[in-house]
Protein chains: 2
Amino acid sequence: MPANAPSRPAYHHGDLRKQLIAAVRDLVESHGPDGFSVAEAARRAGVSSAAPYKHFKDRPTLLRAVASEAMDRLRDCMEVAAAQHPRGSLEAVAAIGQAYVDFARTGHGVFRLVFGLTEGHEDAPELKEKGRACFGVVLQATAACVGKSGFDPDVQHRAYILWTAVHGHSFLTIDHKTDVLSTLVDDNTYMMTISRRILAE
Amino acid sequence: MPANAPSRPAYHHGDLRKQLIAAVRDLVESHGPDGFSVAEAARRAGVSSAAPYKHFKDRPTLLRAVASEAMDRLRDCMEVAAAQHPRGSLEAVAAIGQAYVDFARTGHGVFRLVFGLTEGHEDAPELKEKGRACFGVVLQATAACVGKSGFDPDVQHRAYILWTAVHGHSFLTIDHKTDVLSTLVDDNTYMMTISRRILAE
DNA sequence: GTCCTAAGTAAGCGACACTCACTTCAAGTC
DNA sequence: GACTTGAAGTGAGTGTCGCTTACTTAGGAC
């Protein structure tokens with residue numbers, strides 16, 4: 001019977017890789033991107049502190065795996081959000097932005113990780129590719145909105161501006177920098193304002 | 001002879017606090033915000049690894065001192081940039097944005113430090129105050145441009161949008177995320193585009 | 001000169017990243 | 001069913017780090 005007995009503490013873990021990623025995700029979320037340790041992740045998974053190194057070359061590699069998985073989720077969120085509005089509408093663009101901010105807010109540790117990982121990770125084609133995929137969602141919505149191709153430089157320029165604005169808003173929000181304002185910023189009006197102003201004409 | 005001989009290694013350093021901050025600034029710049037160690041900073045200053053703790057409570061406090069000094073510099077840069085253009089002009093606003101990006105680009109380690117320091121630093125009124133001062137520069141220029149008071153909610157909203165855009169652009173630039181674009185983004189056109197579009201009407 | 005105190009030291013603790021030699025065990029191969 | 005193999009684990013060890021403690025130095029006030 002090759003079916004694994006439910007609760008026998010097997011010598012071989014069987015699913016360590018996935019469980020380590022989950023543990024790191026939790027740790028990063030609760031203690032920040034550098035508040036996590038490989039040792040603690042191993043402890044949570046119930047293995048020795050040397051075990052993770054059978055699955056990940058080193059600490060940065062493990063972090064990168066978490067970031068990679070997060071970027072997949074981010075793209076999914078944006079696509080789902082866009083799909084709930086008419087293609088080419090301002091609302092679709094705004095919804096993508098809202099999904100981005102929501103992603104940052106509900107997982108600011110991981111969000112910070114994804115965008116703070118560039119120190120020793122210049123050579124990460126996988127992450128770069130996923131970044132491209134994420135921007136692709138914005139680009140497509142922008143293109144549909146102004147009625148041009150995504151290859152059009154004007155479309156790229158506008159999509160990039162929208163990205164920077166939403167990205168900046170996300171970071172300043174999770175950094176609590178928004179309290180320099182005397183009036184609160186409402187996500188929805190923010191998104192509609194920038195969409196309208198950047199995509200106008 | 002109380003005059004200190006030029007190269008005598010004095011027991012009392014005399015200027016350790018400042019020198020530590022400088023060393024940390026260098027380390028953060030070359031190895032990233034968490035690629036620095038108190039021990040290494042002490043080594044560079046030529047003192048024992050325990051000496052820094054006579055001047056700074058712990059590692060985060062030391063980092064905060066570096067961030068604080070950097071925020072002063074950032075505000076100075078923005079003010080100088082703004083002063084070189086007519087008060088109330090779009091160019092003044094764009095120049096402030098350019099100064100912000102330049103600051104990020106020439107010191108991306110410290111820039112990342114300033115805006116990634118919010119993990120255990122919620123209770124840092126000094127940093128919060130300096131952040132307010134920095135935003136004040138943007139707010140004043142925006143107010144002058146639209147001809148209203150800085151207390152006006154509309155002005156605050158627009159200034160905030162400008163800030164988020166420039167902030168996002170800065171981060172995405174130093175993170176090398178801009179190569180998802182097939183056409184390069186020119187800082188100057190970027191700044192003028194957002195200034196025009198956000199401050200129009 | 002004497003005391004006080006800020007500013008340094010050396011030594012040590014626990015935690016960490018990572019390595020190395022070893023062990024376990026599931027899955028072939030015969 | 002015994003034999004081999006190799007992926008996935010262990011435990012002990014190294015060097016570094018953050019930080020503390022007890023001690024030392026030296027400059028200034030009196």
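Remember, predicted model here, so these are calculated numbers, not experimental data. Below, read A as the first sequence line, B as the second, and so on, with proteins coming before strands; counting in each chain starts at 1.
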Which pairs would a plain distance check flag for residues 180-191 of chain A, meaning a side-chain donor or acceptor within less than 3.5 Å of a matching protein atom at least two apart in sequence or in another chain?
from	atom 1	to	atom 2	distance (Å)
Ser182(A)	OG	Gln156(B)	OE1	3.2
Ser182(A)	OG	Gln156(B)	NE2	2.9
Asp186(A)	OD2	Thr189(A)	N	3.2
Asp187(A)	OD1	Arg105(A)	NH2	3.3
Asp187(A)	OD1	His169(A)	NE2	2.8
Asp187(A)	OD2	Gln98(A)	NE2	3.2
Asp187(A)	OD2	Arg105(A)	NH2	2.0
Thr189(A)	OG1	Asp186(A)	O	3.0
Tyr190(A)	OH	Ala165(A)	O	2.9
Tyr190(A)	OH	Thr164(B)	OG1	2.6

Nearest-angstrom distance from the residue atom CZ of Arg17(B) to C1' of dG8(C):
17 Å
DNA chain C contacts made by residues 22-39 of chain B, counting heavy atoms under 4.0 Å:
none
Step through it carefully: locate the ring centre of Phe171(A), locate the ring centre of Phe171(B), and say whether they are under 6.0 Å apart.
yes
Judged by nearest nucleotide, the residue sitting upstream toward the 5' end of DNA chain C, Lys54(B) or Arg59(A), is Lys54(B)
Can you name the residues that form a salt bridge (charged side-chain N to carboxylate O under 4.0 Å, His left out) with Asp152(A), not counting sequence neighbours?
none
Name the closest nucleotide to the Ala50(A) side chain, picking from dC18(C), dT9(C), dT19(C).
dT19(C)
Gap between atoms CZ and P, on Arg43(B) and dG15(D) respectively (whole Å)
15 Å
Round to the nearest Å and state the distance from Asp15(A) atom CG to dA7(D) atom C1'.
15 Å
So, is His55(B) close to the dA6(C) phosphate, meaning a side-chain N or O under 4.0 Å from OP1 or OP2?
no
Donor-acceptor pair, Ser30(A) side chain versus Asp26(A) backbone, under 3.5 Å?
yes
Arg44(B) CZ to dC17(D) P: how many Å, rounded?
12 Å
Could you check Tyr100(B), Trp163(B), Tyr160(B) and say which one makes a ring-ring contact (aromatic ring centres under 6.0 Å, His included) with Phe135(B)?
Trp163(B)
Among the nucleotides dC20(C), dC18(C), dC17(D), which one has an atom lying closest to any side-chain atom of Tyr53(A)?
dC18(C)
Side-chain ion pair, Asp179(B) and Lys128(A), N-O less than 4.0 Å:
yes
Identify which nucleotide among dC18(C), dC17(D), dG9(D) has an atom closest to any side-chain atom of Leu16(A), counting heavy atoms from C-beta outward.
dG9(D)
